[in-house]
Number of protein chains: 2
Amino acid sequence: MAAATGHAVSTVSNALAGKRHVNEETRRQVKEAAERLGYRPSAVARSLRMKLSSTIGVLVPDVSNPAIPEFIRGIDDIAVREGCTILLCNTDELVERQVSQMQTLLDRQVDGMILISQHCDTPEVRKLLDGKTPFVLIQRRSSRFRDDYVGSDNLQGMRDSVTYLHGLGHRRIGLVTGPGTSSTAQERFEAFEATIADLGCDEDPDLIYRGDYTVEAGYDAMHYFATLSKRPTAVIASNDVCALGVQDAASELGLSIPQDLSLLGCDDIDLARLRRINLSTLHLPKREMGAAAAELLMRRIHSKRPPTPREIIIPTELVLRESCAAPADGGNAKRPAERRPLVSPG
Amino acid sequence: MAAATGHAVSTVSNALAGKRHVNEETRRQVKEAAERLGYRPSAVARSLRMKLSSTIGVLVPDVSNPAIPEFIRGIDDIAVREGCTILLCNTDELVERQVSQMQTLLDRQVDGMILISQHCDTPEVRKLLDGKTPFVLIQRRSSRFRDDYVGSDNLQGMRDSVTYLHGLGHRRIGLVTGPGTSSTAQERFEAFEATIADLGCDEDPDLIYRGDYTVEAGYDAMHYFATLSKRPTAVIASNDVCALGVQDAASELGLSIPQDLSLLGCDDIDLARLRRINLSTLHLPKREMGAAAAELLMRRIHSKRPPTPREIIIPTELVLRESCAAPADGGNAKRPAERRPLVSPG
DNA sequence: TTGTACGCGTTATCAT
DNA sequence: ATGATAACGCGTACAA
C-alpha cells in the first residue's frame with residue numbers, strides 16, 4: 001500500500017488515521033489509493049502494536065437460555081458505539097470451562113471482560129482477574145472483593161415480592177432459589193427469609209426448593225411442592241424461565257393460576273406479557289444493565305489510573321399481571337375470601 | 001520470556017507449541033519457566049504472523065430474538081472444539097450495519113464468517129463476500145450465487161404443514177410470511193401457495209399477511225385476519241415467536257385455540273412445549289444447524305483449494321401438540337356472521 | 001510536512 | 001537439537 005502511493009508508510013498511516021497533520025493533497029491521494037485498492041489497515045497489527053484490540057470478552061452460562069441474550073444486546077449497544085466487538089463465550093456454569101475461556105480471551109488481548117453470572121471467587125478465576133485486564137461483573141459478585149459490578153436490587157425486589165403476596169393474604173409462600181453459587185440468588189434468598197420473618201409468614205424450610213434458572217428447576221420444584229401436606233399458596237420462582245416451569249407443572253397437576261396458586265417470576269422476559277403466560281414478575285431492565293456494565297468497563301479501559309470499583313444496583317419493579325390472587329382460603333382462613341380485583345399496569 | 005530461560009526465542013516457541021523436535025530437558029526447562037512466569041504466547045502476534053486468528057465472525061439480526069441464540073450455541077459447540085472464539089455482531093436487519101460489521105470482522109482477520117439470516121445479495125455485501133475469507137450462510141441464501149449454506153427444508157416443511165391442516169378439514173388457511181428479503185420466508189411462501197393450490201384450498205390473497213419474525217407481526221396479523229369477512233380457520237405463522245403473537249391476539253379477540261382457530265408455528269422453540277403455549281410447530285434443530293454450518297466453515301478454512309459449495313438442507317418435523325383441531329364448521333367456512341367482541345389493544 | 005527506523009511477539013527459514 | 005534472523009503490518013519517536 002505504501003509503495004502504491006509513492007508515500008512513506010507513516011504518511012499513509014497518518015493520512016488514514018488523521019492523527020498528524022498531513023497535506024490535504026497528500027491525504028486525498030492516499031485516500032483515493034486506499035479506496036481504489038480496497039486497502040484497510042490490519043486490526044491485528046494495530047492490536048499488536050497498541051496492545052489494545054478494541055475487543056471485549058463476554059462470558060455467559062449459555063446464550064440459549066432466554067435469561068441471557070438481553071444482557072448481551074445491551075453490552076453490544078455500547079460496544080459498537082465504542083468501535084468494539086464482542087467475543088462471546090459459553091461456560092455452562094463449569095469453572096474449568098470458564099477458566100480456559102478467560103485464558104483464551106486474555107491471550108487475545110481483549111481490552112476487558114464482562115462476566116455475566118460467572119464464578120468470581122474461585123481462586124483459579126480470581127488469579128486471572130487479578131491481572132491488569134479490566135472486567136465488570138453482572139448479577140454475580142464476589143463476597144471477598146470489591147469489583148465493578150452491575151446487579152439488581154435483590155433485597156428490595158424480594159421484599160416487594162413477598163410483601164405483595166402477603167398483602168394478598170398469602171402466608172405459606174414457596175421459593176425456588178437460583179444456584180447457590182450466584183450472589184444474586186443468595187441475596188434474594190436471604191431477603192426472602194428476612195421478609196417472611198418480618199411479616200410473620202410460615203418459616204417452613206420445606207417451602208424452600210433449591211433450584212436454578214431453568215424450566216426444569218421450576219417444574220421439579222412445583223412437583224415437589226405438590227407433595228407437601230401443607231402446600232404453599234404462592235410460589236416465587238428464581239426467574240421467569242423457572243416460573244414457566246412452575247406454570248407447566250401446575251397445569252399438569254390441575255392447579256389453576258392464580259385461583260389455586262399464585263406465581264411470581266423475576267426478569268420480565270418479553271414473553272411474560274403474553275396473555276397465555278400472563279406472569280406477574282419483577283422487572284429487570286437487562287439491556288440497560290448490560291449497557292451500564294459496558295459503560296463501566298469502558299470507563300476502566302480508558303482511564304489512566306484504575307478507578308475505585310463501582311457497584312451499580314438497578315432498582316426492580318413489580319409488574320403485576322394475572323398470575324397472583326388472594327389464596328382460596330383467604331390465607332389463614334382468618335380473612336374473608338374476598339377477591340381483590342387485579343389491575344395490570346400499563 | 002526468551003531471555004528468562006537463556007534459550008532462543010525459536011526454541012521457546014517450539015518447546016511450547018511442540019512443532020519441532022526439542023530436547024526433553026530443554027522443553028522441561030522452558031515449560032517450567034513459562035509456568036513460573038505465567039507466560040502465555042500472544043494470540044495477537046500469532047495471528048499477525050500466521051494470518052489466522054482462530055476467530056470466526058457470526059452475524060445475526062438480533063441476539064435477543066429468541067429464534068437466534070440456539071444457532072449461535074450450535075456454532076460455538078464446534079468453535080470451542082476447534083479452538084476458535086466467536087465474534088458476535090447484531091445487524092438489526094440493516095444492510096449498512098451489516099456491511100460495516102463485516103468490514104470490521106475482515107479487518108480483524110477472522111478465519112471465516114457465518115451469516116445467520118443476513119442480506120447476501122446486496123452488491124455491497126457481495127463485494128465483501130467475494131474476498132478470500134470463507135463464509136457460510138444460514139437460513140437465507142442467495143438466488144444468484146452458490147455458497148455454503150445450511151437451511152431447513154422449507155418446501156417440504158410447509159407442504160407438511162398445509163397438508164396437515166387440510167387433513168384436519170381446514171380450507172381457509174392464513175399465512176403470516178417472514179420478511180421478503182429472507183429466502184427461507186420466500187421458499188415457504190411459494191410452497192404455501194403451491195400446496196394450497198394442489199389441495200384445492202381457498203386461494204385468497206387476503207389470507208396472506210406479510211410480516212416478519214416478531215411477536216408484533218403475529219399480533220398484527222391476527223388482528224388483521226379478524227377483520228376479514230371470511231376469516232381463516234387456521235393460521236400458519238412465520239415462526240414460533242410470531243405464533244405467540246397470533247396466540248396473544250387471539251386471546252384478546254376471545255378466540256380459543258384450537259376450538260376457534262388452529263395455529264401452526266415454526267422452529268419449536270423450547271417454550272413451545274409448555275402446556276400454556278402448547279404450540280404445534282415445525283421442529284427445526286437449530287443447534288445442529290449451527291453446528292453443521294460451523295463444520296462447513298471449518299472444512300473451508302482448513303482446505304487448501306476452495307471446495308465446491310455445499311448446501312445442507314435439514315429436514316423438518318411436524319411436532320403435534322394442541323394448537324390445531326378440526327374447524328368448528330367442518331371446514332367449509334360457511335359460518336354464521338356472528339360477531340365476536342373485538343377488544344382493542346392497549 | 002514528510003520520511004526513516006524501530007519494536008510489538010510470534011513463527012518460518014536457514015544455518016549451525 | 002538449537003540459535004540467529006527475517007518477516008507479519010502497524011504506530012510512533014525522531015530526524016530531515
Side-chain angles (χ1 to χ4, degrees), chain A residues 1-34 37-55 83-85 103-111 131-133 301-302, chain B residues 1-34 37-55 83-85 103-111 131-133 302 304:
Chain A
M1 168 67 191
T5 71
H7 289 279
V9 284
S10 62
T11 305
V12 173
S13 173
N14 288 319
L16 262 33
K19 274 289 179 184
R20 217 164 43 164
H21 273 236
V22 22
N23 190 310
E24 256 331 302
E25 170 60 10
T26 310
R27 151 168 284 126
R28 204 192 50 71
Q29 284 178 28
V30 172
K31 288 230 176 194
E32 189 274 332
L37 303 178
Y39 167 84
R40 301 216 102 214
S42 154
V44 175
R46 177 182 289 131
S47 300
L48 180 58
R49 179 64 232 248
M50 309 281 271
K51 289 164 169 297
L52 276 184
S53 59
S54 292
T55 271
C84 284
T85 310
Q103 218 23 299
T104 302
L105 291 176
L106 260 17
D107 293 349
R108 294 191 195 290
Q109 299 255 31
V110 291
D111 296 348
K132 54 175 290 302
T133 305
I301 288 173
H302 292 133
Chain B
M1 167 67 190
T5 71
H7 288 280
V9 282
S10 57
T11 304
V12 172
S13 173
N14 288 318
L16 261 31
K19 274 289 179 185
R20 215 164 48 163
H21 273 237
V22 12
N23 191 309
E24 255 331 303
E25 170 60 10
T26 310
R27 150 167 287 126
R28 204 194 49 70
Q29 284 177 28
V30 172
K31 289 229 176 195
E32 189 273 331
L37 303 179
Y39 167 84
R40 301 217 103 214
S42 154
V44 175
R46 178 181 290 135
S47 300
L48 179 59
R49 180 64 232 243
M50 311 276 272
K51 290 163 166 298
L52 277 183
S53 60
S54 292
T55 271
C84 285
T85 310
Q103 207 42 282
T104 302
L105 291 176
L106 260 17
D107 292 350
R108 293 191 195 288
Q109 299 256 28
V110 290
D111 296 348
K132 53 175 289 304
T133 305
H302 292 132
K304 287 296 147 198

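Side chains included, hydrogens not; waters and symmetry mates left out as well; all remaining heavy atoms used. A, B, ... follow the sequence lines: proteins, then strands. Residue 1 opens every chain.
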| message | For Gln29(A) versus His7(A), what's the shortest heavy-atom pair and its separation? | response | OE1-NE2, 3.1 Å

| Looking only at heavy atoms, what is the nearest atom pair of Val22(A) and Ala15(A), with distance? | CG1-CA, 4.0 Å

Can you tell me how far the [atom1] atom of [X] sits from the [atom2] atom of [Y], to the nearest 0.5 Å?
X	Y	atom1	atom2	result
Thr85(A)	Leu105(B)	OG1	CG	6.5 Å
Asn23(A)	Thr11(A)	CG	OG1	10.5 Å
Arg49(B)	Ser42(B)	CZ	OG	14.0 Å
Lys31(A)	Leu16(A)	NZ	CG	6.5 Å

Between protein and nucleic acid, restricted to nucleotides 9-12 of chain D and to nitrogen or oxygen atoms under 3.5 Å apart, what atom pairs and distances do you find?
unit_1, atom_1, unit_2, atom_2, d
dG9(D), OP1, Lys51(B), NZ, 3.1
dC10(D), OP1, Tyr39(A), OH, 2.7
dC10(D), OP1, Ser42(A), N, 2.8
dC10(D), OP2, Tyr39(A), OH, 3.0
dG11(D), OP1, Arg46(A), NE, 2.8
dG11(D), OP1, Arg46(A), NH2, 3.2
dG11(D), OP2, Ser13(A), OG, 2.7
dG11(D), N2, Arg49(A), NH1, 2.6
dG11(D), N3, Arg49(A), NH1, 2.4

| said: So, using side chain to side chain donor-acceptor pair (under 3.5 Å) as the criterion, who are the partners of Asp107(B) when residues are at least two apart? | reply: Arg40(A)

| query | Would you say dT2(D) has OP1 or OP2 under 4.0 Å from some side-chain N or O of His7(B)? | reply | no

| Got a sec? Which of residues 24-33 of chain B come in under 4.0 Å of DNA chain D, heavy atoms? | Thr26(B)

| field | Test item: Ser47(A) side-chain N/O and Ala43(A) main-chain N/O as donor-acceptor pair under 3.5 Å | value | yes

| message | Can a donor-acceptor pair be found, under 3.5 Å and without considering hydrogens, that links the side chain of Asp111(B) to the backbone of Ser54(B)? | response | yes

| said: Taking the axis from the first five pairs and the axis from the last five, what angle separates them in the helix from dT1(C)-dA16(D) to dT16(C)-dA1(D), rounded to 10 degrees? | reply: 40°

| field | DNA chain C: 5'-most and 3'-most nucleotides touching chain A, 4.0 angstrom heavy-atom criterion | value | dT1(C) to dG9(C)

| field | Donor-acceptor side-chain pairing of Arg108(B) and Ser53(B) below 3.5 angstrom | value | no

| Trace of the side-chain contact (heavy atoms from CB on, under 4.5 Å) decision for Val44(B) with Leu48(B) | CA-CA 6 Å; Val44(B) 175; Leu48(B) 179 59; 5.8 Å; no

| note | Residues at least two apart in sequence or cross-chain that pass side chain to side chain contact (heavy atoms under 4.5 Å, CB included) with Glu24(B), listed by chain then number, are Arg27(B)

